[in-house]
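The structure under discussion appears below in the form of structure tokens.
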Protein chains: 2
Amino acid sequence: MKQWFRNNKLVLLYGLALALLLFLLRWLEFRFLILDHAFEAYVGAIALVFTGLGIWLAMKLARPKVETIIIEKTIISEAPPFSPNEKSLADAGISKREWEVLALMAKGMSNQEIANQLFVSLNTIKTHSSRIFEKLEASRRTQAISKAKALGILP
Amino acid sequence: MKQWFRNNKLVLLYGLALALLLFLLRWLEFRFLILDHAFEAYVGAIALVFTGLGIWLAMKLARPKVETIIIEKTIISEAPPFSPNEKSLADAGISKREWEVLALMAKGMSNQEIANQLFVSLNTIKTHSSRIFEKLEASRRTQAISKAKALGILP
DNA sequence: CAGGAAATCACCCGAAAGTATGAAGCCATT
DNA sequence: AATGGCTTCATACTTTCGGGTGATTTCCTG
């Protein structure tokens, strides 16, 4: 019910306005009956008012034409925020730890530096890197980095 | 004159219809004067008719409302073809040949492979790479590649 | 619980990479 | 003609990297 009121507020208002006008006209009828041609003027006024109302209604109720404009914005992406690309990562079968090592390699760190950074021994890093090279079919760290970037594993 | 008629045909028609209606009402006035509440019904009819006319007019004459929806489509373009970025290159003091070596390094090639590709000896490539490391303040090829990319020397 | 993947570490060896130093030819600018 | 930068090459030496093999621990899954 409340919803109905809200939806038909306009129609109700319109009806109320009409009723009020009728009262007004009735009153005018008694006041200006003596005037010659009062009736014609009267009808003209009504016609004008309701024409205006009709126009107003039409304006209010008319559904707007929707025009959709699609603007294609071409952005040359400098550095798209990189996410490890889980898909390619899993596809190559590279583990989290291996990826860490790979990322530090790409930064230009030596195996010893990576070992220090990750708090493991140099031998561990060597094992990891060997696995990485196997999985990426690389024989050098530079090659591994290059391939990883091509696969979207590294930014 | 003729042009004016054509442009305002609608307005003229509207005026004519109004006049006709007035005549009609005048006639009805005499016919239904006896009826009680005839006046209200009369005014109601007029109101209805002119409201309809108003709506019709508005529909006919009003400029259609246009709602414009702008959808921005973001297209991430492919990496633009890389140009060596002469500025950074000169800034680092890296020569053409050195850049060639650097680029092949970044591809993951070994010094020997680079030497074969450029038809020079392995020692030459070693000299070049040493110079490159000096100029980029790197001590490893991976580091050199990383720094070169950061400087825009490599794609 | 057994099996397998992941992570850790060790040792050895050969290959590749990097450092240092010297030198020669070419080319352009002074 | 001389100077300096670029390219080329060489030798000798050190360090780092990569390959191969093996072992242990932890954690997860069938």
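Throughout, a chain's letter reflects where its sequence line sits, starting with A, and its residues are numbered from 1.
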Does [X] have a side-chain nitrogen or oxygen under 4.0 Å from the phosphate oxygens OP1 or OP2 of [N]?
| X | N | result |
| --- | --- | --- |
| A:Ser130 | D:dG18 | no |
| A:Arg140 | D:dG18 | no |
| A:His128 | C:dA7 | no |
| B:Asn123 | D:dC9 | no |

Taking the minimum atom-to-atom distance to the side chain of [X], which one of [options] wins?
| X | options | result |
| --- | --- | --- |
| A:Thr127 | C:dA10, C:dA16, D:dA10 | C:dA10 |
| A:Lys126 | C:dC9, D:dC9, D:dG19 | D:dG19 |
| A:Asn111 | C:dA17, D:dC6, D:dC17 | D:dC17 |
| B:Arg97 | C:dT19, D:dT8, D:dG19 | D:dT8 |

Select base, sugar-phosphate, or nothing to describe what [X] touches, counting heavy atoms under 4.0 Å on all strands.
| X | answer |
| --- | --- |
| A:Ser110 | sugar-phosphate |
| A:Ser121 | sugar-phosphate |
| B:Arg131 | base |

A:Lys135 vs A:Phe119, nearer the 5' end of DNA chain C by closest nucleotide: A:Lys135
At what distance, to the nearest 0.5 angstrom, does NZ of A:Lys126 lie from NE2 of A:His128?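 Rounded to the nearest 0.5 Å, the NZ-NE2 separation comes to 14.0 Å.
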Go nucleotide by nucleotide along DNA chain D from the 5' end; which of A:Ser129 and B:Leu118 gets its closest nucleotide reached first?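 On the 5' side of the pair lies B:Leu118.
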Any link between A:Val120 and A:Ile132 through a network of hydrophobic side chains (Ile, Leu, Val, Met, Phe, Trp, Tyr) touching at under 4.5 Å?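 The answer is yes; both residues are in one hydrophobic cluster.
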